[in-house]
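Reading through the structure tokens given below for one structure.
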Amino acid sequence: MKTARISASARMLHETLICLCVAAAFLAVIPLGAFANTPGTTPGGVSYTAPEDWDVRSEGALTVLAAPADELLVALADVGEAASASDAVLAAWALFDPDADYPVRLETAASPREGWEARVGISYDIPPNDRLAVQALALRRGGSWTVMIVRGSQAAQGRRSAAVSLIQQSLRPAGYERESFAGRTPNALTPERIGLLRDFVAEAMDALDVPGVGLALIDGGEIVWQGGLGVRQLGADDPVTADTRFMIASNTKGMVTLLLATLADEGALEWDQPVTEVYPEFRLGSDETTNATLMRHLVCACTGLPRKDFGFILVEPGAPATETFRQLAETQPTSGFGELFQYNNLLVSAAGYIGGALAYPDMELGAAFDLAMETRVFAPAGMYRSGFDFAEAMQGDWARPHGRNIDGEVVEISNAFNQSIITHRPAGGAWSTPADMARYVQLELSGGLTSEGQRVVSEANLMERRVRNVPTGEDSWYGMGLFDEIAWGVPVVSHGGTLLGYRSNFYLLPEAGIGAVVLTNSDEGAVMLRPFLRRLMEVVYDGEPQAMNDITAAVERMARQSDARRATLTVPGDPAVLDALAAQYHNAETGYITIRDVDGETWLRAGAIEGPVATRNNADGTVSLVTVGAGAIGLEAVIGEQDGVPTLTVRDSQHEYVYRARQ
């Protein structure tokens, strides 16, 4: 079958896109200008939305949406009748690029949605060195298929993921009317309805093998339920409670912007003030970029700075807070301010540390930030078990992280990797509990007041964080540390968090005065978060039950993904390949990759990543080392040579790190 290919980091990007295509993810927005997206219809009657500045070309049954300079193409093919999703995709490629020949890696199905009776994602096996991203999505209504093909460089897809989401999420068959709860009177979260939500979480946990979940529900300004389901640690009986600590990862970001909001109340900063006026040491790439950066740009995901997470994952832990600013000074945006959604942890880290410096200018940056969060956010909000101290958090009532091993079994994993965030902790290093997160959600729903009526922040500056900055998909935007979307016709404010073995989300339904918190201690918890929002909507607005269908489809999809990944790897790695490796490789920016023997296994260590390695033979003849320790975060390094020196090359979508062997 003709198809398309992907590298290790591209695989990660691809699985993200397939989740977007298959599970409808959401992203973000900014008020730096109007976004003139253009609705359209394919010759077959399928509606779509073309992102601003994209070109639309049609020929026969094919509609091609092209990003500026054609750096990324999205083809929509009205295939019509086909025997299967695979046949429909083949027919689409024949229309789009008859000479394409990409080997299929995996085919996975999602539950019916948005008028489509079948939704099937196709991923392709592409050599890492190609740096190419290619995906397909087959959609069926009745006997007619429509196929979406995405092709472009990994860098282009990384920059334009929100635009691809917009196109995909807007695809609807002719005559379909979107489901909407707009205008419906919300139901109160009565004990019966709370029971429905708890039952859903329990059923999803069982299906996904998630050990424990912290849950909190808020209605009418009151916490109507808080507590836990399941256990804190596999193999133990200790239950998750309302006071169990979890890492909340990027849910920290909204709390950082809350800190900035309190400082704006005090007059210490203005959202549209140049950062250098507030913190003269700040630098971002060139002088021109530095001078143009405003305080809101640090937290709006709208500055055009790409993710650079390997910049702290691959380095040795223990760097001071100033490392955030050193890395930013050496990094330049890859798109214009306000042009594209590009999520970046370093900018939010800088925002938090600047907030700390404003509050406590005579202290070291990290200590100042920790104290500022305690005195201006956690303590005033009544979040007494929240903070950044790993040693304190990992005692007593805390949830251990879990993830799947190479054989697909959920196991407990070390929390050592997650300590890589400490240096940049404003971006995602907080610990919290269901009870504390419930207090946070109460604050958001009340306009800045605690449940006792104490004002923590002005309503004006709290709400400024929700101003839509850059689009992240259809009817979804990013504010400042918060996502804002219209889901099933209803406004939703939210944010998620991801670290190794921890996935979390909180949701606000402002019109209904309802909020929810979901904290999980497993990578697989990510799969229940969007379906939980759907189930919350079903319970509040008497919607048709669909959420569990998404979980069921996800279980099958994850199993197929795990099997497909395992099939590509040689575990343990090929001895001939492993024996030829150098003991150590070096990159001037990130440091060292070390190869060593651990009890007869070959292990790789690169900064926060450490574990056994497998090998994979790529279609172009190259070989990759792939870490296969338990958990969803790993590393792929392509074996190569430069100027006669052996190398290992590690990539994300927009960065490349070449490590040279040390002789």
Side-chain angles (χ1 to χ4, degrees), residues 1-3 17-25 38-50 56-65 74-98 104 106-123 135-150 164-181 473-475 487-489 530-531 534 537-538 543-557 560:
M1 173 179 178
K2 291 186 177 181
T3 61
L17 181 64
I18 287 300
C19 286
L20 288 170
C21 294
V22 157
T38 306
T41 305
T42 71
V46 173
S47 62
Y48 65 85
T49 300
V56 179
R57 309 158 189 167
S58 296
E59 182 177 351
L62 186 68
T63 302
V64 177
L65 286 70
V74 177
L76 305 176
D78 294 316
V79 172
E81 293 188 1
S84 66
S86 296
D87 287 343
V89 172
L90 277 174
W93 277 107
L95 292 171
F96 176 52
D97 183 357
V104 169
L106 183 63
E107 179 178 313
T108 55
S111 59
R113 189 59 55 81
E114 292 289 299
W116 299 109
E117 297 165 14
R119 299 187 297 153
V120 180
I122 307 289
S123 64
Q135 299 90 28
L137 174 67
L139 304 166
R140 180 180 59 78
R141 171 71 172 242
S144 184
W145 289 89
T146 296
V147 175
M148 171 180 168
I149 295 171
V150 182
V164 174
S165 295
L166 168 64
I167 298 167
Q168 182 272 314
Q169 292 165 7
S170 68
L171 293 177
R172 295 184 188 88
Y176 173 73
E177 293 187 11
R178 298 180 70 183
E179 180 184 28
S180 177
F181 302 137
E474 186 183 39
D475 297 330
W488 300 284
R530 188 68 179 184
R534 170 66 199 189
M537 292 289 201
E538 293 167 2
E544 290 295 320
Q546 299 177 358
M548 201 59 210
N549 294 337
D550 290 343
I551 297 293
T552 301
V555 170
E556 172 64 21
R557 183 172 68 249
R560 290 176 62 84

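Given the structure is predicted, the values throughout are model-derived calculations rather than measurements.
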Looking at [X] and [Y], what are the two nearest heavy atoms and their distance?
X: Ala138; Y: Ala85; result: CB-CB, 4.0 Å
X: Ala118; Y: Trp145; result: CB-CH2, 4.2 Å
X: Ala77; Y: Leu62; result: CB-CD1, 4.0 Å
X: Ser165; Y: Gly473; result: CB-CA, 4.2 Å
X: Val74; Y: Val164; result: CG2-CG2, 4.5 Å

State whether the side chain of [X] and the backbone N or O of [Y] hold a donor-acceptor pair below 3.5 Å, judged by distance alone.
X: Thr42; Y: Val46; answer: yes
X: Glu117; Y: Gly142; answer: yes
X: Glu538; Y: Ala547; answer: yes

Review point. Per the salt bridge (Lys or Arg N to Asp or Glu O under 4.0 Å) rule, which among Arg534, Arg113, Arg172 passes with Glu179?
Key: Arg534
Any heavy-atom pair between the side chains of [Y] and [X] that's under 4.5 Å?
X: Arg119; Y: Ser111; answer: yes
X: Val79; Y: Thr146; answer: no
X: Val64; Y: Val56; answer: no

Check your understanding: Judged by modelled atom types alone, do Ser86 and Glu107 share a side-chain donor-acceptor pair under 3.5 Å?
Key -> yes
**Study point:** Residues Thr552, Asp550; criterion side chain to side chain contact (heavy atoms under 4.5 Å, CB included); working and verdict
**Key:** CA-CA 6 Å; Thr552 301; Asp550 290 343; over 6 Å; no
**Study point:** Test log, rule side chain to side chain contact (heavy atoms under 4.5 Å, CB included), inputs Leu106 and Arg560
**Key:** CA-CA 8 Å; Leu106 183 63; Arg560 290 176 62 84; 3.9 Å; yes
Exercise for review: Using the test side chain to side chain contact (heavy atoms under 4.5 Å, CB included), find all partners of Asp475 that sit at least two apart in sequence or belong to another chain.
Suggested key: Arg178, Trp477, Ile486
Just verifying a value: how many Å separate [X] [atom1] and [Y] [atom2], rounded to the nearest 0.5 Å?
X: Met148; Y: Phe96; atom1: CE; atom2: CZ; answer: 11.5 Å
X: Thr49; Y: Ile167; atom1: OG1; atom2: CD1; answer: 9.0 Å
X: Ile149; Y: Leu137; atom1: CD1; atom2: CG; answer: 10.5 Å

**Study point:** Any residue meeting side chain to side chain donor-acceptor pair (under 3.5 Å) with Ser170, in chain and number order, not counting sequence neighbours
**Key:** none
Point to revise | Pairing residues for Glu556 by the side chain to side chain donor-acceptor pair (under 3.5 Å) criterion, not counting sequence neighbours | key: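 Counting only residues at least two positions away or on another chain, Glu556 forms no side chain to side chain donor-acceptor pair (under 3.5 Å).
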Exercise for review: Report the C-alpha separation of Tyr48 and Leu76 in whole Å, then their side-chain angles, then the decisive distance to 0.1 Å, and conclude whether the side chain to side chain contact (heavy atoms under 4.5 Å, CB included) test is met.
Suggested key: CA-CA 9 Å; Tyr48 65 85; Leu76 305 176; 3.9 Å; yes
Review point. Can Arg141 and Tyr176 be said to form a side chain to side chain contact (heavy atoms under 4.5 Å, CB included), step by step?
Key: CA-CA 10 Å; Arg141 171 71 172 242; Tyr176 173 73; 4.1 Å; yes
Practice item. Tell me whether the guanidinium CZ or amine NZ of Arg140 lies under 6.0 angstrom from the six-membered ring centre of Trp116 and within 45° of its axis. Key: no
